[in-house]
Amino acid sequence: MQKFKLVATGVVTAALLAGTGPAQALSGQDATGAVAAKGSSKLKILKEFDYSRSKSRTLPLRQGEYYRNSKGKMVGFGWTKIKKRHNITKYGIIGWLAKSPNIASQGNQRYGLTGFAHHIKCKSGSCKIVDRRKMILVTDETATPVGEGPRFAYFGAVTSFCYDTKKTLKCPTWVNTKFKIPKSAAADVQSMNSGTAGDGERYVFTYQPVKTVKGALTLAS
């Protein structure tokens with residue numbers, strides 16, 4: 001079935017956004033209680049992506065917002081927050097994560113989709129991982145009414161971030177500058193174990209983590 005695209009132009013009610021509402025952006029504790037009015041630019045859809053959880057609906061990426069609330073806490077959702085808070089600046093990364101087969105329910109119609117970004121260095125035919133970031137896209141499948149008819153679009157991408165041991169949730173710049181979906185992640189990883197890999201740096205984006213097993217790199221199954 002061909003996926004259809006919907007443009008959000010209707011009203012998102014206060015009840016929808018309160019408590020379990022879509023505008024409460026997940027990134028650790030971050031949340032916003034802002035109520036988006038009809039026609040608000042905050043809800044403007046910038047891009048729509050194929051979505052691994054649906055054969056009929058695309059996943060919207062909305063303009064969103066990121067600001068300091070009355071309690072002094074930075075809150076927000078959507079592309080504005082993803083860029084400013086988590087340093088993801090390429091739409092393609094969101095599209096790649098939206099198609100991830102790694103899906104975890106977070107409750108209240110929200111899901112976390114996961115991928116992995118690897119920075120690998122090769123020297124004298126041997127390659128090792130020098131940095132690996134688990135990347136997470138949080139989606140909200142709460143239905144947002146559009147127009148007058150019985151059509152509904154997902155609220156969409158709430159936030160996306162890189163998880164690291166320091167829990168900064170901020171992606172390194174190389175995630176953006178080196179992002180490229182491999183034609184065959186397994187083949188790319190295997191080529192680094194040939195013993196003849198040229199010196200230099202490699203960047204691999206995969207849905208499963210690359211690991212070192214008995215001195216060799218392998219793509220986890």
Inset, instruction - State whether F161 and R85 meet the cation-pi test: NZ (Lys) or CZ (Arg) under 6.0 Å from the six-membered ring centroid, and within 45° of the perpendicular axis. - result: no
Inset, instruction - Report the residues that fulfil side-chain hydrogen bond (donor to acceptor under 3.5 Å, both in side chains) with H119, sequence neighbours left out, ordered by chain and then residue number. - result: E201, Y203
Inset, instruction - Report yes if some heavy atom in the side chain of F179 is under 4.5 Å from a heavy atom in the side chain of W174; otherwise report no. - result: no
Between side-chain atoms of residues 204-211 and protein atoms elsewhere (two or more places apart, or another chain), which donor-acceptor pairs fall under 3.5 Å?
{"unit_1": "T206", "atom_1": "OG1", "unit_2": "Q208", "atom_2": "O", "d": "2.3"}
{"unit_1": "Y207", "atom_1": "OH", "unit_2": "W96", "atom_2": "O", "d": "2.7"}
{"unit_1": "Q208", "atom_1": "NE2", "unit_2": "N102", "atom_2": "OD1", "d": "3.0"}

Legend entry - Pairs involving residues 57-113, ordered by first then second residue, that meet disulfide bond (SG atoms under 2.5 Å apart) (sequence neighbours left out): none
Legend entry - All ring pair (Phe, Tyr, Trp, His ring centres under 6.0 Å) counterparts of Y163, not counting sequence neighbours: none
Legend entry - Shared hydrophobic cluster for I93 and L46 (ILVMFWY, side-chain gaps under 4.5 Å): yes
Inset, instruction - Please name all residues satisfying side-chain hydrogen bond (donor to acceptor under 3.5 Å, both in side chains) with Q63, sequence neighbours left out, ordered by chain then number. - result: T80
Legend entry - Contact list for residues 42-141, test disulfide bond (SG atoms under 2.5 Å apart), sequence neighbours left out: C122-C127
Inset, instruction - Sort and list the pairs that fulfil salt bridge (Lys or Arg N to Asp or Glu O under 4.0 Å) and have at least one residue in residues 124-134, not counting sequence neighbours. - result: D131-R133, R133-D164
Legend entry - Under 3.5 Å: donor-acceptor pair, side chain of S160, backbone of I136: yes
Inset, instruction - Look only at the side chain of N87 and the backbone of K170, and say whether a donor-acceptor pair between them is shorter than 3.5 Å. - result: no
Legend entry - side-chain hydrogen bond (donor to acceptor under 3.5 Å, both in side chains) partners of T89, counting only residues at least two apart: N176
Inset, instruction - Please confirm whether the backbone N or O of Y111 pairs with a side-chain atom of S105, one donor and one acceptor, at under 3.5 Å? - result: no
Legend entry - Closest approach of D140 to V158 (non-hydrogen atoms, all atoms of both residues): CB-CG2, 3.4 Å
Inset, instruction - If a pair satisfies disulfide bond (SG atoms under 2.5 Å apart) and one of its residues is in residues 168-221, list it, with sequence neighbours excluded. - result: C162-C171
Inset, instruction - Scan residues 51-97 for pairs that pass disulfide bond (SG atoms under 2.5 Å apart), counting only residues two or more places apart or in two chains. - result: none
Legend entry - Residues that E141 engages under side-chain hydrogen bond (donor to acceptor under 3.5 Å, both in side chains), provided they are two or more places apart: Y51, R53
Inset, instruction - Run through the side-chain heavy atoms of Ile, Leu, Val, Met, Phe, Trp and Tyr, join any pair under 4.5 Å, and report what else lands in F116's cluster. - result: none
Legend entry - CG on L97 to OG on S52, rounded to 0.5 Å: 10.0 Å
